[in-house]
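Take a look at the structure set out below.
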Amino acid sequence: MICDIDNFKLINDTYGHVTGDAVLAELADILKANIRKSDTAYRYGGEEFAIIMPNTNCNEAEVVAMRIKKAVEKHYFKTNVTVTVSVGVAVTDYKVSAVDIVIKADKALYIAKKQKNTVVCLQM
């Protein structure tokens, strides 16, 4: 799963990088609070987070992704900035390389980002 803050550049450009950094820290806390014990979240890029979800099918991953999306929507950010996220999920029953699954999750994220504040899951 790759989780990306919608319009993050606008947050940085409007409120400054200190506010952007605070939003990232709060999002990290939201992720930690809403993933399962078997999952691991990592900062993956500027405003992107990757979540590794072993032994998870598309339906289970979508439940976690939707829980994260809704938690972000409901969260009152201390910086008083409205934040939403788009989430791309890739799942597979086959042994594939980490690179292949990241490419597929990134493709799902790209689809989700077109709509904003949504979750897209692609099966490999």
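Model, not experiment: these values are computed from the prediction.
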Note, Val85 side chain near Asp4 side chain (heavy atom, < 4.5 Å): no
Value rounded to 0.5 Å, distance of CD1 in Ile5 from OG in Ser86: 10.5 Å
Partner residues of Thr84 under the side chain to side chain contact (heavy atoms under 4.5 Å, CB included) criterion, sequence neighbours left out: Asp6, Asn117
Which atom of Ala105 lies closest to which atom of Ala90, heavy atoms considered: N-CB, 3.4 Å
Residues forming a side chain to side chain contact (heavy atoms under 4.5 Å, CB included) with Ala65, sequence neighbours excluded: Met1, Val87, Val89, Val119
More than 12 heavy atoms from other groups under 6.0 Å of OH on Tyr44: no
Minimal non-hydrogen separation, Val83 against Val72, with atom names: O-CG1, 3.4 Å
Single-linkage hydrophobic cluster Tyr42~Leu109, side-chain heavy atoms < 4.5 angstrom: no
Remaining members of the apolar cluster that contains Val120, side-chain heavy atoms under 4.5 Å: Ile111, Leu122
Closest non-hydrogen atom pair, Thr56 against Arg36: OG1-NH2, 2.6 Å
Side chain to side chain, Phe77 and Ile30, heavy atoms closer than 4.5 Å: yes
Heavy-atom check, side chain of Ile68 versus side chain of Ile51, under 4.5 Å: yes
hydrophobic_cluster_shared for Val91 and Met53, side chain cutoff 4.5 Å: yes
Lys116 (side chain) donor-acceptor with Asn7 (main chain) under 3.5 angstrom: no
ILVMFWY cluster, Met66 and Ile35 together (side-chain gap under 4.5 Å): yes
Residue pair Leu24 / Phe8, side-chain heavy-atom distance below 4.5 Å: yes
From CD (Glu26) to CG (Asp29), nearest 0.5 Å: 7.5 Å
Co-members of Val18 in a cluster of I, L, V, M, F, W and Y side chains, linked at under 4.5 Å: none
Glu60 (side chain) donor-acceptor with Asn57 (main chain) under 3.5 angstrom: yes
More than 12 heavy atoms of other groups within 6.0 Å of Tyr15 OH: no
Reported CD-to-SG distance for the pair Glu47 and Cys3, which is rounded to 0.5 angstrom: 10.0 Å
Flag side-chain contact, heavy atom, 4.5 Å: Asp39 against Ile52: no
Heavy-atom check, side chain of Asn34 versus side chain of Val64, under 4.5 Å: no
Whether over 12 other heavy atoms sit under 6.0 Å from Lys113 NZ: yes
Spacing of OH belonging to Tyr94 relative to CD1 belonging to Ile101, to within rounding of 0.5 Å: 12.5 Å
Any pair counted as salt bridge (charged side-chain N to carboxylate O under 4.0 Å, His left out), so long as it reaches residues 66-78, sequence neighbours left out: Lys69-Glu73
All side-chain hydrogen bond (donor to acceptor under 3.5 Å, both in side chains) counterparts of Ser97, not counting sequence neighbours: Asp100
